[in-house]
A.B. asks: 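One structure is given below, represented as structure tokens, and several questions about it will come after.
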Protein chains: 2
Amino acid sequence: MNYQQAKIRADILKALAHPVRVLIVNALADGERCVCVLNELAAIDQSNISRHLASLKRAGIVSDRRDGMKVYYRLETPCILKAFECAVEVVRADTKRRNKDLKAV
Amino acid sequence: MNYQQAKIRADILKALAHPVRVLIVNALADGERCVCVLNELAAIDQSNISRHLASLKRAGIVSDRRDGMKVYYRLETPCILKAFECAVEVVRADTKRRNKDLKAV
DNA sequence: TGACCTTATGCTGATATGCGCATATAGTAT
DNA sequence: ATACTATATGCGCATATCAGCATAAGGTCA
């Protein structure tokens, strides 16, 4: 793998690497949602959610569709959810390891 | 999922979200490597590689082992590689979509 | 048209990240 | 102890990211 290829992968991961964006992607797992609903995922300004959605869209992870006044976002590549499972596995393994280290003391 | 849980996942993804760290993890896929080898993955300062390794370690993604003067790093959770596959899938799907859009014009 | 609702964008400041250089630390060897 | 190799850390600078506020832009409805 060369640097350019690594950068492409890194950019996708970076697009996912924020708590609010993780919440958004997770919420979209079951299907499309309008911004108004996603707004309630975290206690932050509406403009902020809008920007997070924009960066997910830029990365190709979600796409949007307007219906009247509302805009609906949906996952373009549900495989993204696997990346989360993996993250959980890292944390779980890490916790287990640290506990073992503690016992060894 | 609450914000705290989302943050934990985001922190793992963030630890992976840099071209150099992607290169490192990719290089470790086949087994442990010493820093001296990882140093050659990209044209950057040695101190920089060291820091990237430290952040991967902090996240629990790699672990290290000293042998004489050398320090060897290895993947602690190989499932990380799946996250990359997923990133590739996102890019591929995105490219395909854009091409279709172009044809539609 | 004007009032209203939903979502996006410009601006600015605060904080985080990444980099190289110099230097510290750990280990080996003479 | 000295010299040498390998890796990590302190520092300062440049740039990126994120937040909120204000406001624009797109759409509805009376």
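The sequence lines fix the lettering, A, B, ..., with proteins before strands; numbering per chain opens at 1. Computed from a predicted model, the values in this text were never measured in an experiment.
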A.B. asks: Given dT17(C), is OP1 or OP2 found less than 4.0 Å from the side-chain N or O atoms of Lys14(A)?
C.D. replies: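 For dT17(C), neither OP1 nor OP2 has a side-chain N or O of Lys14(A) closer than 4.0 Å.
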A.B. asks: Closer to the 5' end of DNA chain D via nearest nucleotide, is it His18(A) or Asp67(A)?
C.D. replies: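 Closer to the 5' end of DNA chain D: His18(A).
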A.B. asks: Quick check on dC18(D): is either OP1 or OP2 less than 4.0 Å from any side-chain nitrogen or oxygen of Arg21(A)?
C.D. replies: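 The answer is yes; a side-chain N or O of Arg21(A) sits under 4.0 Å from OP1 or OP2.
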A.B. asks: Flag the pair Leu38(B) / Leu28(B) as yes when at least one side-chain heavy-atom distance between them is below 4.5 Å, and no otherwise.
C.D. replies: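 Yes; the side chains approach each other to less than 4.5 Å.
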A.B. asks: Check this one for me: any side-chain N or O of Tyr73(B) less than 4.0 Å away from OP1 or OP2 of dA8(D)?
C.D. replies: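 Yes, because at least one side-chain N or O of Tyr73(B) sits under 4.0 Å from OP1 or OP2 of dA8(D).
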A.B. asks: Cation over ring, Arg65(A) on Tyr72(A), under 6.0 Å and within 45°?
C.D. replies: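 Judged by the rule (NZ or CZ under 6.0 Å from the ring centre, within 45° of its axis), Arg65(A) counts as positioned above Tyr72(A).
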A.B. asks: Mind calculating the distance between CG (Asn48(A)) and C1' (dG13(C)) to the nearest angstrom?
C.D. replies: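 Result: 14 Å.
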A.B. asks: Which whole-number value in Å describes the distance from Met69(A) CE to dG26(D) P?
C.D. replies: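 Rounding to the nearest Å, CE of Met69(A) and P of dG26(D) are 15 Å apart.
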A.B. asks: Tell me if the side-chain of Gln46(B) makes a donor-acceptor pair with the base of dA8(D), cut-off 3.5 Å, by modelled atom types.
C.D. replies: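 Side chain to base: pair present.
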A.B. asks: Could you state the atom-to-atom distance from CG of Leu53(A) to P of dT17(D) in whole Å?
C.D. replies: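 Spelled out: CG on Leu53(A) to P on dT17(D) is 17 Å.
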A.B. asks: Just so I know, are the side chains of Leu41(A) and Val20(A) near enough to count as touching, which here means a heavy-atom distance under 4.5 Å?
C.D. replies: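 Not touching, per the 4.5 Å side-chain cut-off.
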A.B. asks: Please determine whether a side-chain nitrogen or oxygen atom of His52(B) lies at a distance below 4.0 Å from atom OP1 or OP2 of dA8(D).
C.D. replies: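 The answer is no; no side-chain N or O of His52(B) sits under 4.0 Å from OP1 or OP2.
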A.B. asks: I want to check something: taking the side chain as every heavy atom from C-beta on, are His52(B) and Leu56(B) in contact at a cut-off of under 4.5 Å?
C.D. replies: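 Side chain of His52(B) against side chain of Leu56(B), heavy atoms only: no contact under 4.5 Å found.
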A.B. asks: Once you round it to whole Å, what is the distance between P of dT25(C) and CZ of Arg66(B)?
C.D. replies: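 In whole Å, dT25(C) P lies 14 Å from Arg66(B) CZ.
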A.B. asks: From the options dC21(C), dG10(C), dT7(C), select the nucleotide whose nearest atom is closest to the side chain of Arg51(A).
C.D. replies: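 Taking heavy atoms from C-beta onward, the closest nucleotide is dG10(C).
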A.B. asks: Once you round to the nearest 0.5 Å, how far does CG of Asp94(B) lie from CD1 of Ile8(A)?
C.D. replies: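 Atom-to-atom, Asp94(B):CG and Ile8(A):CD1 are 11.0 Å apart.
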A.B. asks: Using a 4.0 Å heavy-atom cut-off, does Ile49(A) contact any base of the nucleic acid, only the sugar-phosphate backbone, or nothing at all?
C.D. replies: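 Since no nucleic acid heavy atom lies under 4.0 Å of Ile49(A), the category is nothing.
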A.B. asks: Find the distance Lys57(A):NZ to dA8(C):P and express it as a whole number of Å.
C.D. replies: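 The distance from NZ of Lys57(A) to P of dA8(C) comes to 8 Å, rounded to the nearest Å.
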A.B. asks: What is the distance from CG of Asp64(A) to C1' of dT9(C), rounded to the nearest Å?
C.D. replies: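 Whole-Å distance recorded here is 15 Å.
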A.B. asks: Starting at atom OH of Tyr72(B), determine the distance to atom C1' of dA26(C), rounded to an integer number of angstrom.
C.D. replies: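 Taking atom C1' of dA26(C) as the reference, OH of Tyr72(B) is at 15 Å.
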A.B. asks: Can a donor-acceptor pair under 3.5 Å be found between the side-chain atoms of Ser47(B) and the base atoms of dC19(C)?
C.D. replies: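 Result: no qualifying N/O pair found.
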A.B. asks: Figure out the NZ/C1' separation between Lys7(A) and dA16(D), and round it to whole Å.
C.D. replies: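 Rounding to the nearest Å, NZ of Lys7(A) and C1' of dA16(D) are 11 Å apart.
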